[in-house]
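The model shown is predicted, which means the values in this text are computed figures rather than measured ones. Every chain is numbered from 1 and lettered A, B, ... according to where its sequence line falls, protein lines coming before strand lines.
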Amino acid sequence: MTAMQHDPAYNFAYLDEQTKRMIRRALLKALAIPGYQVPFASREMPMPYGWGTGGVQVTAACLTPEDRLKVIDQGADDTTNAVSIRKFFERTAGVATTEHTNEASVIQTRHRIPEAPLGAGQILVYQVPIPEPLRFLEPRETETRKMHALEEYGLMYVKLYEDIAHNGAISTAYAYPVKVEGRYVMDPSPIPKFDNPKLESGAIQLFGAGREQRIYAIPPYTQVVSLDFEDHPFEPSKADHDCDLCGCGTSYLDEVITDDAGGRMFVCSDTDFCAARQAEGHRGRLSGEDAA
Amino acid sequence: MYVAVKGGERAIDAAHEWLAEERRGDPQVPELSLAQIREQMSLAVNRVMAEGSLYDPELAALAIKQARGDLIEAIFLIRAYRTTLPRIGHSRPVETSAMRCDRRVSATFKDAPGGQVLGPTFDYTHRLLDFKLAAEGEAPVARQAEPTLAPTPRITEFLNRDGLIQDEAHSDETPPDMTRQPMEYPADRSTRLQALTRGDEGFVLGMAYSTQRGYGRNHPFVGELRIGAVEVEMEIPELGFDICIGEVTLTECETVNQFMGSKTEPAQFTRGYGLVFGQTERKAISMALVDRALRWEELGEENVGAPAQDEEFVLAHSDNIQATGFLEHIKLPHYVDFQSELELVRKMRREVEGSMKEAAE
């Protein structure tokens with residue numbers, strides 16, 4: 001949690017200042033047009049495409065030496081790729097890091113929004129694999145750009161309708177499409193749809209897709225609506241259990257296989273949230289054993 | 001019993017230690033030097049320079065060593081390093097007609113000014129394993145002829161003089177730099193050529209091959225293939241004139257393709273172009289074929305829906321660093337998404353099972 005000296009072989013936060021300025025310009029444009037995908041000249045980073053290079057570049061462009069950074073993957077601070085990205089910024093920016101959501105000024109995330117509400121003064125940076133919500137309906141960028149320009153989202157509604165016709169329900173469980181401020185349909189990155197309501201937030205939310213060279217954003221307190229139908233309203237969902245470690249009945253849960261006889265347990269995917277609740281004395285079905 | 005996983009950091013460190021040990025291999029076996037890789041694995045070095053978009057044989061050799069011979073991994077190392085290099089300026093366009101050719105062949109003319117030079121090619125070797133090489137090898141010395149100092153004009157220019165081949169549009173505009181600007185479709189030809197020259201050799205080869213097998217066939221002949229060193233010149237603003245700052249070895253391929261004509265235009269041959277760092281012949285020829293296929297619109301051809309004619313398809317999938325990164329990222333944890341799908345599938349099954357039960361009653 002202490003700030004370190006950054007590796008003098010690299011510029012602060014790895015990218016050179018001109019590249020950071022280019023990214024900041026894209027970020028400002030993205031904030032000015034909520035939900036619109038701004039092309040940017042993504043750089044080749046020392047981690048693979050698809051592993052968070054977009055998020056890493058956005059974080060690099062936002063970080064100041066005074067920031068306190070948190071990195072999560074699947075809600076957890078200790079997943080391997082989160083560890084790797086946190087180490088990268090410890091080395092190249094020397095910024096302080098934390099696992100506590102409320103202490104962080106910049107949070108880079110993959111696939112989750114923290115359970116604890118975020119507020120003013122915080123930036124949430126999402127890693128985005130495929131920024132285009134229409135991509136799997138229309139593979140061509142030339143076409144999807146046109147569809148956004150013309151606000152031609154009928155295809156998306158047809159897809160959702162067909163889901164209902166075939167399966168009785170909208171069969172999108174994550175990366176559930178949203179409409180931002182009544183204009184652009186946006187991919188919220190592969191967060192579970194459980195997290196969608198949290199997209200309306202007091203924090204700045206920035207989305208970086210490195211390989212696809214796109215940045216987009218949701219400014220604080222922007223309207224974000226998950227697409228649905230009046231007779232099939234959007235429904236955030238989670239495993240129908242309480243956390244087995246902290247007893248929480250409202251957090252998103254990971255299912256963990258515990259033996260080869262069908263035994264399983266459910267635990268909060270947000271590790272910081274779960275640990276904080278346990279520290280406050282909350283207990284779940286399996287606490288008290290060697291669980292914690 | 002489940003224990004909250006807190007070992008990520010230690011596991012990563014341990015994995016890296018093991019990787020370093022594996023990279024070195026048996027310590028009883030002498031270590032490879034960069035000079036050995038550079039001199040004896042030079043075609044691997046060339047590929048890493050070409051697809052890494054950085055001409056530095058020493059760094060490419062280092063990358064190959066560090067990557068344990070995985071060339072895509074080596075290319076990745078070079079690309080990531082390239083990001084950190086400041087952009088001082090750009091060179092003048094290289095003059096490939098002034099190339100000092102190690103190899104120069106034409107498939108369209110039996111002979112031409114400057115002559116055919118086979119150079120160090122595998123072409124006519126019989127692919128028989130040479131077991132002598134497995135023993136301590138000697139250092140073979142090739143016979144030498146006097147170098148020809150005669151100029152080697154481009155073969156396609158002979159055709160152009162008679163108007164038999166389509167003329168290329170001339171432009172002094174600074175081309176866009178695909179490493180500094182986001183890709184936009186439709187892309188101009190300059191951007192396409194940049195993407196192809198750094199594109200994955202296997203992918204570009206496969207695309208080119210598909211045109212030969214009929215998916216957008218364009219009847220190519222290798223008008224000329226040349227490999228050799230060219231000087232790189234740069235204008236130094238303080239001096240106000242160009243100076244030579246070094247030289248690079250390039251492979252250039254110009255194809256002569258099927259002719260076209262109409263009622264108003266007389267029939268003409270068309271061209272495809274390939275230019276790649278180092279001795280990288282397969283890649284340069286492939287590039288020329290794919291370049292030609294992508295020019296269907298400009299040359300007034302029909303789009304027959306072949307993959308190699310589809311600019312967005314070719315350019316968006318030719319980069320092996322993008323491709324391998326995205327492909328391999330599915331190894332990363334996805335349990336949050338998976339959990340979400342698991343819940344959905346369980347719910348949908350419950351509903352169906354419920355209604356089937358009702359129907360049975």
Exceeds 12 heavy-atom contacts within 6.0 angstrom, atom [atom1] of [X]:
X      : atom1 : answer
B:E297 : CD    : no
B:E184 : CD    : no
B:F338 : CZ    : no
B:Y55  : OH    : yes
B:H90  : NE2   : no
B:Y81  : OH    : no
A:Q18  : CD    : no
B:E302 : CD    : no

Which heavy atom of [X] sits nearest to which heavy atom of [Y], and what is that distance?
X      : Y      : value
B:L344 : A:K193 : CD1-NZ, 4.4 Å
A:R140 : B:D310 : NH2-OD2, 2.5 Å
A:M45  : B:F76  : O-CE1, 3.4 Å
B:S340 : A:P192 : OG-CB, 3.8 Å
A:Q213 : B:P182 : OE1-CA, 3.3 Å

Could you give the distance from [atom1] ([X]) to [atom2] ([Y]), rounded to the nearest 0.5 Å?
X      : Y      : atom1 : atom2 : value
A:Y49  : B:N320 : OH    : CG    : 11.0 Å
B:I321 : A:T53  : CD1   : OG1   : 12.0 Å
A:E235 : B:K347 : CD    : NZ    : 4.5 Å
B:E343 : A:H241 : CD    : NE2   : 6.5 Å

Sidechain N-carboxylate O distance under 4.0 Å for B:E312, A:R145 | no
Taking 4.0 angstrom as the limit, do B:R87 and A:D16 come out as a salt bridge?
-> no
Donor-acceptor pair, distance only, cut-off 3.5 Å: does the side chain of [X] make one with the backbone of [Y]?
X      : Y      : result
A:E44  : B:T83  : no
B:Q339 : A:E255 : yes
B:R346 : A:A239 : no
A:Y252 : B:V336 : yes

Looking only at A:C274, A:S269, A:P190, A:S237, the option with the highest number of non-hydrogen pairs under 4.5 Å against chain B is A:P190
With chain B, which of A:T172, A:D259, A:D240, A:D254 has the greatest number of heavy-atom pairs at distances under 4.5 Å?
-> A:D254
Checking heavy atoms, do the side chain of [X], its backbone, both or neither come under 4.5 Å from chain B?
X      : result
A:D73  : side chain
A:T79  : side chain
A:K87  : side chain
A:Y14  : side chain
A:I130 : side chain
A:R211 : both
A:I257 : neither
A:M47  : backbone
A:Y176 : neither
A:T80  : both

In sequence, state the C-alpha distance, the side-chain angles, and the governing distance for B:E328 and A:W51, and then conclude on side-chain contact (heavy atoms from CB on, under 4.5 Å).
-> CA-CA 9 Å; B:E328 295 195 48; A:W51 297 53; 4.2 Å; yes
Only one of A:R110, A:Q127, A:Q74 passes side chain to side chain contact (heavy atoms under 4.5 Å, CB included) with B:L332; say which it is.
-> A:R110
Against chain A, label B:L342 side chain, backbone, both or neither, depending on which of its atoms sit under 4.5 Å from a heavy atom there.
-> side chain
Taking [options] one by one, which has the highest count of heavy-atom pairs under 4.5 Å against chain A?
options                        : value
B:P333, B:A316, B:A323         : B:P333
B:H334, B:M183, B:R82          : B:H334
B:R180, B:E341, B:Q181, B:M348 : B:R180

